[in-house]
Amino acid sequence: MRIVGLMSGTSYDGVDVVAAEFTADGDTLRLRPLGHRELAYPDDLRAEIGALLPPAATTIEAVCRLDNRLGEVFAEAAAAGVELAGGAADAVVSPGQTVFHWVEAGRVRGTLQLGAPARVAARVGVPVLHDLRSADVAAGGQGAPLVPAFDALLLDPAAGPRAALNLGGIANLTVVAPGAPVLGYDVGPANALLDAAARRFLDRPCDVDGARAAAGRVHEALLARLLAEPYYAAPPPKSTGKELFHGGYLDAALAALGEPVAADDVLATLTELTARTVADACDRHRVTEVVAAGGGVRNPTLRARLAALGAGRWRLRTTDELGVPAQAKEAYAFALLGWLSWHGLPGAVPSVTGASRAAVLGSWTPAGPSAAAPRPPAPRRLVVDA
């Protein structure tokens with residue numbers, strides 16, 4: 001079965017597109033990567049998404065317009081994925097762009113992703129799986145993270161406690177260990193605050209290669225204030241996003257200091273925040289290896305700091321060494337979730353999300369009637385039988 005997977009994360013810088021071929025071999029599922037691409041969002045679309053995200057006010061008109069514009073972008077991405085698949089695919093997984101994750105007192109009440117899946121289905125002519133988080137939320141779960149289903153199948157727990165780390169807008173961790181349930185949760189910001197600082201201080205979407213952070217020094221008072229965030233001390237299951245870690249959050253922390261902080265020092269401090277919170281989580285679970293993926297692995301300053309913090313306790317490597325491109329891992333994970341849902345198998349992991357049951361994820365938008373299905377004549381009238 002060939003599946004196209006799409007992913008647009010909390011950094012909302014573009015869409016990762018993959019094509020994968022899945023073959024069941026007894027209780028082993030074989031994944032053959034068929035290629036991946038990264039399609040960057042134009043600046044005005046990034047601005048449109050940012051203008052809608054909390055804590056900004058918005059209108060239902062703006063939500064509708066963005067939903068359909070994203071649907072057109074995802075449709076083009078899906079078409080590129082079908083090309084990667086050799087011109088034909090059985091399904092597309094389009095999880096959409098998360099614009100709100102409704103959390104109250106640690107419990108997720110709802111979640112909203114935009115991306116007009118009907119536009120995707122109309123473009124590529126195959127069924128599209130979307131809205132992947134809601135079924136887990138309805139079962140009492142966090143609806144995130146969902147990638148641990150992929151991690152749990154990829155990592156061998158017999159090798160000892162190991163962690164899969166994703167460094168997107170938010171850093172999330174999956175831990176597998178012999179004889180223990182899979183554990184996974186959002187650790188905190190990875191690139192979310194770093195990118196917010198880059199936009200504010202550098203007028204750029206990001207600090208390329210962490211160069212400005214490398215030139216700065218950690219501001220200890222700012223770091224202490226950021227580390228005091230209650231989210232870090234909350235036990236899993238837990239999930240978060242830019243509804244907490246956004247530009248205004250950083251502004252408030254800087255204002256509370258009562259003194260100016262140089263741009264490079266802010267970036268150095270935020271890099272240390274990400275590295276420190278991730279390393280603390282890895283140490284807490286006594287892992288011996290951390291397999292990283294996501295946009296953050298392209299930041300040599302962040303990677304070097306993570307490696308230094310783990311030295312002597314755990315080894316840092318990337319999913320590239322396991323045959324999964326680090327930049328496309330989440331898109332491959334969503335392709336896997338599509339395979340599971342197609343076969344009526346659950347994709348959420350209750351020990352990760354806190355749900356009461358393992359839910360089959362997503363809703364299907366058909367591309368039209370199956371050519372193989374018998375088609376009755378078009379009805380000309382309706383009769384109601386008593």
Determine whether Leu66 and Leu45 make a side-chain contact, defined as any pair of heavy atoms from C-beta on separated by less than 4.5 Å. yes

Do the side chains of Leu336 and Leu29 get nearer than 4.5 Å, heavy atoms only? yes

Ring-face cation contact, Tyr231 with Lys238, 6.0 Å cut, 45° max: yes

Show every donor-acceptor pair shorter than 3.5 Å between a side-chain atom in residues 344-361 and any protein atom, with sequence neighbours excluded, or say none if there are none.
| from | atom 1 | to | atom 2 | distance (Å) |
| --- | --- | --- | --- | --- |
| Ser351 | OG | Val182 | O | 2.5 |
| Thr353 | OG1 | Asp136 | OD1 | 2.8 |
| Thr353 | OG1 | Asp136 | OD2 | 3.2 |
| Thr353 | OG1 | Ala355 | N | 3.3 |
| Ser356 | OG | Ala139 | O | 3.0 |

Got Asp320 and Pro325 here, is their nearest side-chain heavy-atom distance under 4.5 Å? yes

For the side chain of Lys242 and the backbone of Thr10, is there at least one donor-acceptor N/O pair under 3.5 Å apart? yes

Hey, is the main chain of Glu72 close enough, under 3.5 Å, to the side chain of Arg123 for a donor-acceptor pair? no

Output the distance between atom CZ (Phe245) and atom CG (Leu194), rounded to the nearest 0.5 Å. 12.5 Å

Specify whether Tyr249 and His246 have parallel, tilted or perpendicular ring planes, treating 30° as the upper limit for parallel and 60° as the lower limit for perpendicular. perpendicular

If you apply the rule side chain to side chain contact (heavy atoms under 4.5 Å, CB included), what do you find for Asp16 with His36, and how did you get there? CA-CA 7 Å; Asp16 292 320; His36 69 277; over 6 Å; no

Please tell me whether Leu34 and Val82 are part of a single hydrophobic cluster in this structure, the criterion being side-chain heavy atoms less than 4.5 Å apart. no

Search all heavy atoms of Pro189 against all heavy atoms of Tyr232 and return the closest pair with its distance. CD-OH, 3.3 Å

Value for OG1 (Thr174) from CG (Asn166), rounded to nearest 0.5 Å, stands at 8.5 Å

Does the side chain of Asp195 reach to within under 4.5 Å of the side chain of Pro205, using non-hydrogen atoms? no

Return the minimal non-hydrogen interatomic distance between Pro95 and Leu6, and the atom names on each side. CD-O, 3.1 Å

Exam field: side chain Asp207 to backbone Arg212, donor-acceptor pair closer than 3.5 Å: yes

Of Val93, Val126, Val92, which meets side-chain contact (heavy atoms from CB on, under 4.5 Å) against Val120? Val92

With a 6.0 Å cut-off (strictly less than), is the heavy-atom count around CZ of Arg313, excluding the residue itself, greater than 12? yes

Begin from the C-alpha positions of Asn191 and Thr274 and carry the test side chain to side chain contact (heavy atoms under 4.5 Å, CB included) through to its verdict. CA-CA 8 Å; Asn191 300 318; Thr274 294; over 6 Å; no

Surrounding CG of Asp43 (heavy atoms of other residues, nucleotides or ligands, distance under 6.0 Å), is the total greater than 12? no

Glu272 side chain to Val218 main-chain N or O, any donor-acceptor pair under 3.5 Å? no

Minimum heavy-atom distance Val278-Ala171, with the two atoms named: CG2-CB, 3.9 Å

Which atom names give the shortest non-hydrogen contact between Ala326 and Ala293, and what distance separates them? O-CB, 3.5 Å

State the CZ-CG distance between Arg46 and Asp13, to the nearest 0.5 angstrom. 5.5 Å

Side-chain heavy atoms of Leu254 within contact of Arg200, under 4.5 Å: yes

Could you see if Leu302 belongs to whatever hydrophobic cluster contains Val290? Use Ile, Leu, Val, Met, Phe, Trp, Tyr and a side-chain cutoff under 4.5 Å. yes

Any Tyr332 side-chain heavy atom under 4.5 Å of Thr319 side chain: no

Would Val137 end up clustered with Leu244 when hydrophobic side chains under 4.5 Å apart are linked, directly or stepwise? no

Counting only N and O atoms by type, is there a donor-acceptor contact under 3.5 Å from the side chain of Asn299 to the main-chain atoms of Gly295? no

Could you check whether any side-chain heavy atom of Pro161 comes within less than 4.5 Å of a side-chain heavy atom of Trp314, counting everything from C-beta outward? no

Following the transitive rule for hydrophobic clusters with a side-chain heavy-atom cut-off under 4.5 Å over Ile, Leu, Val, Met, Phe, Trp and Tyr, establish whether Val176 and Tyr185 coincide in one cluster. no

CZ of Phe201 to CG of Asp265: how many Å apart, nearest 0.5 Å? 10.0 Å

CG-CH2 distance between Asp90 and Trp342, expressed to the nearest 0.5 angstrom: 6.0 Å

Minimal non-hydrogen separation, Ala367 against Ala121, with atom names: CB-O, 3.9 Å

Rounded to the nearest 0.5 Å, how far apart are CG of Leu165 and CG of Leu167? 4.0 Å

Gln327 (side chain) donor-acceptor with Arg37 (main chain) under 3.5 angstrom: no

The complete set of side chain to side chain donor-acceptor pair (under 3.5 Å) pairs with one or both residues in residues 216-226, sequence neighbours excluded, reads His219-Glu259

Exactly one of Val99, Leu53, Thr98 clears side-chain contact (heavy atoms from CB on, under 4.5 Å) with Tyr12, and that residue is Leu53

Distance-minimising heavy-atom pair for Thr301 and Asp209: OG1-O, 3.4 Å

Quick check: does any side chain N or O of Asp67 sit under 3.5 Å from a backbone N or O of Gly115, one acting as donor and the other as acceptor? yes

Taking the side chain from Arg2 and the backbone from Ala85, do they hold a donor-acceptor pair closer than 3.5 Å? yes

Looking at Asp44 and Arg69, is there a salt bridge between them, counting it only when a charged N and a carboxylate O are closer than 4.0 Å? yes

Asp186 side chain to Asn172 main-chain N or O, any donor-acceptor pair under 3.5 Å? no

Taking the side chain as C-beta and beyond, is there a heavy-atom pair between Met7 and Val18 under 4.5 Å? no

Go through the steps to decide whether His130 and Gln113 satisfy the test side chain to side chain contact (heavy atoms under 4.5 Å, CB included), and finish with yes or no. CA-CA 9 Å; His130 57 97; Gln113 289 76 42; over 6 Å; no

Report yes or no: does Glu243 contribute a side-chain atom to a donor-acceptor pair with the main-chain N or O of Gly241 at less than 3.5 Å? yes

Worked check of side chain to side chain contact (heavy atoms under 4.5 Å, CB included) between Leu222 and Leu257: CA-CA 7 Å; Leu222 176 59; Leu257 282 178; 3.7 Å; yes

Residues two or more places apart in sequence or in another chain: which of them pass side chain to side chain donor-acceptor pair (under 3.5 Å) with Arg199? none

Going hydrophobic residue to hydrophobic residue with side-chain gaps under 4.5 angstrom, can you get from Tyr41 over to Leu52? yes

